[in-house]
Amino acid sequence: MLLIPCPHCGPRAEIEFSYGGEAHIARPEEPDELTDQEWSDYVFMRRNPKGVVLERWVHAHGCRRWFNAARDTVTYEILAIYPMGQNPPELPEPRYL
Amino acid sequence: MVEDFLRQSPLSHLALAASGRSQRAEEDGVALAERPYRTVITLRGQAEDAVFVEAIQRALGLGLPRKVGQVSGDPRGREILCLGPDEWWVTDAADDAEPLVTSLTEAVGDLFAQVVDTSDNWFALELSGPRARDVLAKACPLDLHPRTFGPARCAQSLLAKAPMTLQQLDDTPAFRLHVRRSFADYAWRWLSDAGREYGVSILQS
Amino acid sequence: MPQSFRLPEGGLIDRARSLRFTFDGRSFDGHPGDTLASALLANGVHLVARSFKYHRPRGIFSAGAEEPNALVQLGEDPRTDPNQRATQVELFDGLSAKAQHCWPSLEVDFNQVTSLASRLIPSGFYYKTFMWPSWKYFEGPIRRAAGLGKAPRLPDPDRYDKCFAHCDVLVVGGGPAGLAAALAAGRTGARVILVEQDNRLGGSLLSAPETQIEGAPSADWVREAEAELATLPEVKVLKRTTCFAYYDHNLLGLLEKVTDHYAPYDRPAELPRQRMWRVRAGHVILATGAIERPLVFRDNDRPGIMLASAASSYLNRWAVKPGSRAVVFTNNEGGYRAALDLKSRGVDLAAVIDLQLAAEGPLSRRARDEGIPIKTGYAVTGTSGHLRLKKVFVAPLDGAGKRVFGGGEPIEADLLVSSGGWNPTVHLFCQSKGTLEWDDSLACFRPDASMQRNQAVVGAANGTFGLSSVLVEAHAAALAAADAAGFSTGGEASTAPTSVEERDFLPMREIYLVPSIKPLGQGGKHFVDQQHDVTAADLLLAMREGYRSIEHVKRYTTTGMATDQGKTSNVAAIGIVAEHLGKTVPEVGVTTFRPPYTAVTFGAFAGRDVDDFLDPERTTPMHAWHRAHGAAFEDVGQWKRAWYYPQAGEDMAAAVNREVKAARDSVGILDASTLGKIEIRGPDAGVFLDRIYTNVFSTLKVGRARYGLMLKEDGMVFDDGVTTRLAEDRYLMTTTTGGAANVMSWLEEWLQTEWPDLKVYLTSVTEQWATMTISGPNARALLAELTELDLSTDSFPHMSMAEGEVAGVKARIFRISFTGELSYEINVPSRYGLAVWQALIRVGQKYAITPYGTEAMHVLRAEKGFIIVGQETDGSVTPLDLGMNWIVSKKKDFLGRRSLSRPDMLKADRKQLVGLLTEDGREVLPEGAQLVESNHDIRPPIPMVGHVTSSYWSPNCGQSIALALVKGGRDRMGERLYAALPDRTISCTVTEPLFFDKTGERLHG
Amino acid sequence: MNKRYSIFSLARNAYTRHEDWQEAWRSPAPKARYDAVIIGGGGHGLATAYYLAKLHGMTNIAVVERGWLGGGNTGRNTTIVRSNYLWDESAAIYEHAMKLWEGLSRELNYNVMFSQRGVLNLAHSPSDMREVQRRVYANRLNGIDSEILNAQQVKEFCPQIDLRGGGRYPVVGASLQRRGGTARHDAVAWGYARAADALGVDIIQECPVHGIKVVDGKVRGIETARGYIETPKVGIVVAGHSSVLAEMAGFRLPVQSMPLQALVSEPVKPTLDCVVMSGAVHAYVSQSDKGELVIGAGVDHYIGYGQRGSQQVPEETISAICELFPIFRRMRMMRQWGGIVDTCPDASPIIGKTPVEGIYINCGWGTGGFKATPGSGWVFAHTVACDEPHPLNAPFSLDRYRTGYLIDEHGAAAVAH
Ligand SMILES: Cc1cc2nc3c(=O)[nH]c(=O)nc-3n(C[C@H](O)[C@H](O)[C@H](O)COP(=O)(O)OP(=O)(O)OC[C@H]3O[C@@H](n4cnc5c(N)ncnc54)[C@H](O)[C@@H]3O)c2cc1C
Ligand SMILES: NC(=O)c1ccc[n+]([C@@H]2O[C@H](COP(=O)([O-])OP(=O)(O)OC[C@H]3O[C@@H](n4cnc5c(N)ncnc54)[C@H](O)[C@@H]3O)[C@@H](O)[C@H]2O)c1
Ligand SMILES: Cc1cc2nc3c(=O)[nH]c(=O)nc-3n(C[C@H](O)[C@H](O)[C@H](O)COP(=O)(O)O)c2cc1C
Ligand SMILES: [Zn+2]
């Protein structure tokens, strides 16, 4: 059970949170302009890195706020949290095979 | 005003009033009481908007806590719990929320804010006594040690499998636990069971 | 001969009291402080078990958690526990244990024939045979031969508990290292939890009474340490508590045995049997000690053969002589400690057989001085004795340690102890993904790099074996942890407890496979994993067959996969593999350490989350009424909903028919409180809803309501419900019962993450309101009796809302309908729900008001062709499939819209919602029935064109009705389809999904 | 040549003290060039190689495995085999696998201990029951054995279950596939490896692939820890690592890799004779031939390559097991572990061509691909050899996410094992 630092409530147990998948996926402004392929990329294609992932969490059983996190998917270390709408901080890029 | 006898606590089927004591028995580690009908108003608004903050303070006579987890006011009377960066609870000992809802609604007026009566959406229990933290530790992943939590603090978390808003009332320690109304029976039975090893007194509300 | 092997004095037992217990039907006595193992040994019982595969007689091998052999079945059904390690079972009065995995008895076990056939059943034999004619003929007997103890047959009557805990410093292990660490950290005021699996603190000191700390016997130091810890308010000491798992982010799992050690009649009823702790620790100090490594020699498994340190423990801690005449077999100085202990406590010491070419340490010197016969450069080449060790054979080794000379000289002995060095107990460290390094000087794996923050390993667990170094290291680690947690010693440097450094751990002679007089595998067995009967020959066979990775060796031979998880055997196995492959031990590497350290009861994992606490039951304000009126309940998510209300003599069908008719003939009442409700406010509320719903809400008039459909971005229907505009900037949304929480999160997600510019606030009010629906031609008349509101269609039309009092309670009333009848949905604050419901029932008597449950509701809505999300839809259905194009706006974008124009969404043969009428109207199609186009009996696979989603007897239509999703269904009106069931075929006709009041007159009543 | 395994060879070798057994497979050095390379030595990769050699005559091929054979999900799954899937496309491929399972031990001359002891999928509510019926009826029309049991029949088939479900999850019925059951996970990998090796396939372990050379949209070869290997065809069958390999080749997948956990109890004498699964309470359990209860837990809902998982997940699963089987509450967990499962948005696999010519992908089996091992290898071999999908795997194309032809097995496979 991870210990996730909610930006509003402080470190809390993973069971209070829900996962929201990859961060920084912007909904297309004009869906009609997209090809089927582009639209399906938006709906289905997600980064799945073995390394640092930028992802979204919501403190579902807490303050109910969404936030972004950078997490190493191998060590599970949470490297940073930052608000929605903000760009990720500079982060190390560990490489795993 | 509606007749009193028309209303029902979600625990009315347990007939707690008949069995309850007035205070915790010496030998029991915890006491448990239901606290139905308290006023709980959910307030949403922009903490960075001074007009909003001031309007609320004027309407309630209480400072609007800005840090999530902070509580201002009197836990046995009127208080404000900060639940999120733009979310608060105004709770009050009054069992009729309407006057307060009205004054808050008027206070926020056309501001981008929301005032909703949620008094019946939630149900409050009070758990107190020297072993109260031990009982809560069975249900809740929060660290409630006096160094990290205390009176005038609140937190949202889980009570076993029910979402919960928790606040500490005093150093007894006494805690008030709010669960959604439909979880009242579950929460009550869960806590009674978890407290069994320490002894549980049931208090009249 | 009661306790004839009990020494007259010493030991940490309470001789004043005796405890009576039985093993395999025989009665014995022991004392408080004993384990089952020590008590058996005190009574001269060594044979306690049979091995897994060959059913070899086995004894007590160790004195702790690492025990591979002495597994017993404890207690009687329903409180029976298989595979309990006798070395960890605390003795209590009335304890009863049995040998397991043998027949007819422990002494005479017929299954031992497998031992004779052992040549036919080497590792992996089952992969090579039993294929013809079929595995099924062999599987049964093999299954019966496998397994160890017996699972209970009756439900477990005991209760378990679970809790969370938090601390600044968690110290695992209550030996000298753990105690020193807990004291040092505790004195700073930090919150400390110290856990010790044993019932006593002290660890290895309990077995070494002669050691001194701070100038006093270590036992005194331990006592004082424990006393001081008890005075520190922020320190919690948990004994009988095993730290079994180290999960991410410093979450550790503990299993506390709360009442297992009490006699059954003494177990306090209010206490759980066991308690699981989940500790979130700021810092973790692992002081888990070390486990001795046995030597692997021929026939090293007989009762009477044990670890050298175990022998010392039995002598010193339990005052038990583990034998009368002993041989010590060692490759390092440590074995001499056991030799000295044995000698000094009156055991006849036949010889120390030392693999080393010379023994030059302080202990061996002392042993020599005391006249103990020592044979260096010698090996044990074998043993004899069936149910108990009788003889040990020894012979000189060649210089390389690969061969022995001569036929082996016999030595009479009933005890053989062996010491092959020590393995730091790195299990928890490795579970937390720490990496190991091989320490050549100590010949063991020790912790290398940590993968968790704030973690330290100290003492023997870290490969630090000298007592004073252990104390210094632990002390320093604890202060560092406390300091990092914000607690300091307050300026004055606190000093570590001191002890005289004992250098009794010297380099060893690394020989993982002790040679014998015959080639490996002949005339005896070199056991590596005793519990799984894996021999050195098995390991070699695996490698010969190409299973060379240590992971393959493990899985092919099953070494290390038994209940002890190879605590005493893994390193030996790795050593043998390394030697055979010509690699170094670290090159071969270890297998993955996984939780739990020792096995954990399922019940403890579940804690109190069993029976009706497994999942909360959510109830509505009118629940008690439904119960009192005999309702049967249906689970909808976590909610309990009234399903139907059978009256005397009615079955479900009769009750539902009555309820369905009542709602159309006069008036019915339904508890709809479980519907999700969300208050929405803000200047952008309308825009927001337009993006969420497929249809438009921004144009809705205040006071009016509209049905809406929500899609996920993939275009599939996700939820539906009616949303009402309460004011210019306020809406009230309703959702399905099961979807309420998901919809709320869905809305918040879009608002917070994608559209933060929209000014909208949401608040869930699901349980603020008790909701009751009255439905039927008399609904208006009934309501009129309880409210002053003008209910005429003009002032209160269909799809609108009004506020007013009902039965004296302020209410919101919605005129909406899920039945096709004139309906009012009355919402009052939950505290008044029951009162208003009762008022409606009371007044409704004159209209024969009938409460109806969810089943009748389903029938009523199906008669009207209304869908239920989750029944007509399954995550693969679009609004177009449902024929709901009318609700899909062409003018605006909304979530999921773009997906609807993907090529597959437009195909004509997509499954579409239709109605079905059976040819024989009395026949009700089963839900889920698959539809085919022809009823000719053809062979599968038979192409299916659709399936029945809902199907009911409709008393109002006087026949059965069904909804179905059918390929190209809208073009099949009037077509005949067949529901192909295993036992029959039902023919039916495709119709519009609408069966009753097709013009919708009744709605407007 | 490989010597055949049989009771006679076992006896013969007993006589020579097992000194003469041959290696189950060779450990050759990689050649500079192969006609095709399969990346991933799990069950699916090895089966692909076997069928490529056996059915398509491609024997100059290699399987390249980063660690040890079967060390991925093949070696860590709960071994449930069944074919009672809802949609026609799934039913067809899983049933094809089931037929291959039924003759697999003898085909491979390696006992994979395929045990058709029956798989129960429990229903706990009327709506569960509706789904059970829908699936069973579809199964039968697809020619798959599948039955509906009422509560009493469940009790008769598996007396250990507490029909009250502890009170909260009463068992109201179940579907039963009698031909379903379990197989020995490791043996499947090893049996395919040995059989493929016998046909000339090079099996190369301890050889991680760290690069894929693509020129002009065509694959040329792979970079491995043991050097560059030239090849015109690459089959990627690496389960949890699919996205990592796809990235090397320069295309994307809709796959998320998540931790899925399992655990075993201590071994006991036979106490459970069938496989029991319950989607509602997220639990599935069987007893292995060695005696452990083998229990599958749920997935963590976030990406993770740690091959472990969150502590609360097995906790929930074990609670559910205690609920269905109060007699197991005193049993003890002996070991828990995790795998990295590759999940697709529609819970169905992707088997087919990729945007890169010569690269084929077989992934997305998520929590339930062990049962498909023979069928998956069989169709994938066809795809690689013929450069076009077999009709059985054609619907499982990567392109379906574009067109919307999803095969959503979430409902029918709430726990997809
Ligand atoms: C806990 C658990 C329980 C499960 N239970 C069931 C069940 O009961 N029934 C069922 O049908 N399915 C089950 N599954 C799913 C099933 O295990 C998998 O779908 C299936 O085994 C996948 O097989 P595979 O051969 O594709 O993958 P794997 O066996 O994972 O093989 C992939 C291989 O690729 C290798 N690889 C990765 N990267 C590289 C690289 N760069 N270079 C070279 N090689 C590489 C890996 O080392 C690995 O050996 C379960 C899975 C888990 C984790
Ligand atoms: N041959 C040698 O020189 C040698 C070998 C081993 C130990 N020792 C001596 O042992 C001492 C080392 O002290 P130490 O404190 O490091 O080790 P220790 O063995 O004295 O104590 C470790 C303690 O940890 C407990 N423990 C282990 N795993 C646990 C778990 N998962 N949960 C709960 N408790 C657990 C054990 O029951 C034990 O009480 C020194 O005195 C050293 O001289 C010497
Ligand atoms: C069906 C099955 C049965 C298993 N039985 C045992 C067992 O009896 N003993 C054991 O120690 N591990 C058992 N395991 C677990 C393995 O030891 C190991 O944990 C698993 O293959 C994952 O590998 P890893 O832990 O090395 O990462 C079993 C695994 C599976 C898939
Ligand atoms: Zn928060």
Side-chain angles (χ1 to χ4, degrees), chain C residues 81-83 119-120 122 127-131 135 139 142-143 146-152 155-156 247 521 541 544-546 549 551-552 555 563 594-595 599-603 605-606 609-612 614-615 635 874-876 902-905 926-930 940-942 944 947 980 982, chain D residues 5-7 10-11 14 17-18 21 23-25 68 71 105-106 110-111 113-115 125 130 133-134 137-138 140-143 166-168 186-187 266-271 289-291 311 315 318-319 321-323 326-337 403-405 408 410-411:
Chain C
D81 297 298
N83 309 333
R119 243 217 271 125
L120 271 176
Y127 297 132
K128 297 184 173 122
T129 179
F130 307 137
M131 291 172 263
W135 168 239
E139 190 180 20
I142 288 198
R143 282 168 79 81
L148 281 169
K150 292 197 181 99
D156 184 2
Y247 301 105
L541 171 66
R544 198 177 304 131
E545 293 197 75
S549 151
E551 297 286 1
H552 277 166
R555 286 163 174 79
T563 67
R594 293 282 189 186
V600 180
T601 319
F602 282 1
F605 266 100
D609 293 335
V610 291
D611 303 334
D612 49 356
L614 180 68
D615 203 11
D635 290 332
D874 60 3
S876 70
R902 292 175 298 165
D904 257 282
M905 301 301 110
E927 289 178 348
Q930 297 286 343
I942 304 169
M944 288 161 255
H947 73 280
Chain D
Y5 291 154
S6 69
I7 185 77
L10 202 56
R17 299 181 189 284
H18 304 288
W21 286 111
E23 291 186 314
W25 50 81
W68 37 284
S105 293
R106 287 162 70 183
Y110 203 104
N111 186 1
M113 302 185 192
F114 180 48
S115 166
S125 67
R130 178 168 57 235
Q133 289 175 9
R134 177 179 173 197
Y137 295 144
R140 296 178 72 106
L141 292 170
N142 275 320
R168 193 69 184 90
D186 292 329
E266 296 184 323
V268 287
K269 294 290 170 197
T271 179
D289 288 335
K290 207 159 65 58
Q311 158 277 345
E315 215 172 271
I318 294 173
S319 307
I321 295 288
C322 288
E323 201 69 2
I327 60 169
F328 291 160
R329 287 183 191 176
R330 295 181 94 85
M331 294 287 292
R332 301 194 296 174
M333 175 170 97
M334 174 166 80
R335 187 171 172 101
Q336 73 175 97
W337 65 92
T403 64
Y405 191 88
D408 198 320
H410 279 115

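Remember, predicted model here, so these are calculated numbers, not experimental data.
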Self-check item: Most contacts with chain D, counted as non-hydrogen pairs under 4.5 angstrom, among C:Pro941, C:Ala980, C:Pro82
Solution: C:Pro941
Quiz prompt | Under 3.5 Å: donor-acceptor pair, side chain of C:Lys128, backbone of D:Asn111 | solution = no
Exercise. Tell me, out of C:Thr129, C:Asn83, C:Asp612, who's got the most heavy-atom pairs with chain D below 4.5 Å.
Key: C:Asn83
Self-check item: Proximal component of C:Tyr247, with respect to chain D [non-hydrogen, under 4.5 Å]
Solution: side chain
Quiz item: Out of C:Met944, C:Arg143, C:His947, C:Glu139, which one racks up the most heavy-atom pairs below 4.5 Å with chain D?
Solution: C:Arg143
Self-check item: Option that, when pairs with chain C are counted at under 4.5 Å, heavy atom only, ranks first among D:Glu323, D:Arg106, D:Arg140
Solution: D:Glu323
Quiz item: If every non-hydrogen atom of D:Lys269 is compared with every non-hydrogen atom of C:Ala146, which pair is closest and at what distance?
Solution: NZ-O, 2.8 Å
Quiz item: Do D:Trp68 and C:Arg555 have side chains that get closer than 4.5 Å, going by heavy atoms?
Solution: yes
Quiz item: Counting distance only, does the side-chain N/O of C:Arg119 pair as donor-acceptor with the main-chain N or O of D:Ala14 below 3.5 Å?
Solution: yes
Quiz item: For chain D, which of C:Lys150, C:Arg544, C:Glu927 has the most heavy-atom pairs under 4.5 Å?
Solution: C:Arg544
Quiz item: Pick from D:Gly291, D:Ala138, D:Pro270: which one has the most heavy-atom pairs with chain C under 4.5 Å?
Solution: D:Ala138
Quiz prompt | D:Arg329: which of C:Asp156, C:Asp81, C:Asp611, C:Asp609 passes salt bridge (charged side-chain N to carboxylate O under 4.0 Å, His left out) | solution = C:Asp611
Quiz prompt | chain C contact via D:Asp289 - side chain, backbone, both or neither, heavy atoms under 4.5 Å | solution = both
Practice problem: Sort C:Leu148 into side chain, backbone, both or neither according to what part of it lies under 4.5 angstrom from a heavy atom of chain D. | Solution: both
Quiz item: Is it the backbone or the side chain of C:Thr601 that comes under 4.5 Å from a heavy atom of chain D, or both, or neither?
Solution: both
Exercise. Taking all non-hydrogen atoms of both residues into account, name the closest pair between D:Gln133 and C:Pro926 and its distance.
Key: OE1-CB, 4.0 Å
Self-check item: Region of D:Thr403 in contact with chain C, defined by heavy-atom distances below 4.5 Å
Solution: both
Quiz prompt | Max heavy-atom pair count under 4.5 Å with chain D, selected residue of C:Gly521, C:Gly546, C:Ser549, C:Gly149 | solution = C:Gly149
Quiz item: Using non-hydrogen atoms only, which part of D:Gln311 is less than 4.5 Å away from chain C: side chain, backbone, both, or neither?
Solution: both
Quiz item: Can you name the closest pair of heavy atoms from D:Arg134 and C:Asp874 and give their distance?
Solution: NH1-OD2, 2.9 Å
Practice problem: Tell me, out of C:Pro595, C:Ala151, C:Pro940, who's got the most heavy-atom pairs with chain D below 4.5 Å. | Solution: C:Pro595
Quiz prompt | Min side-chain heavy-atom separation C:Phe130-D:Leu10 under 4.5 Å | solution = no
Quiz item: Is the shortest heavy-atom distance from the side chain of D:Tyr110 to the side chain of D:Tyr5 under 4.5 Å?
Solution: yes
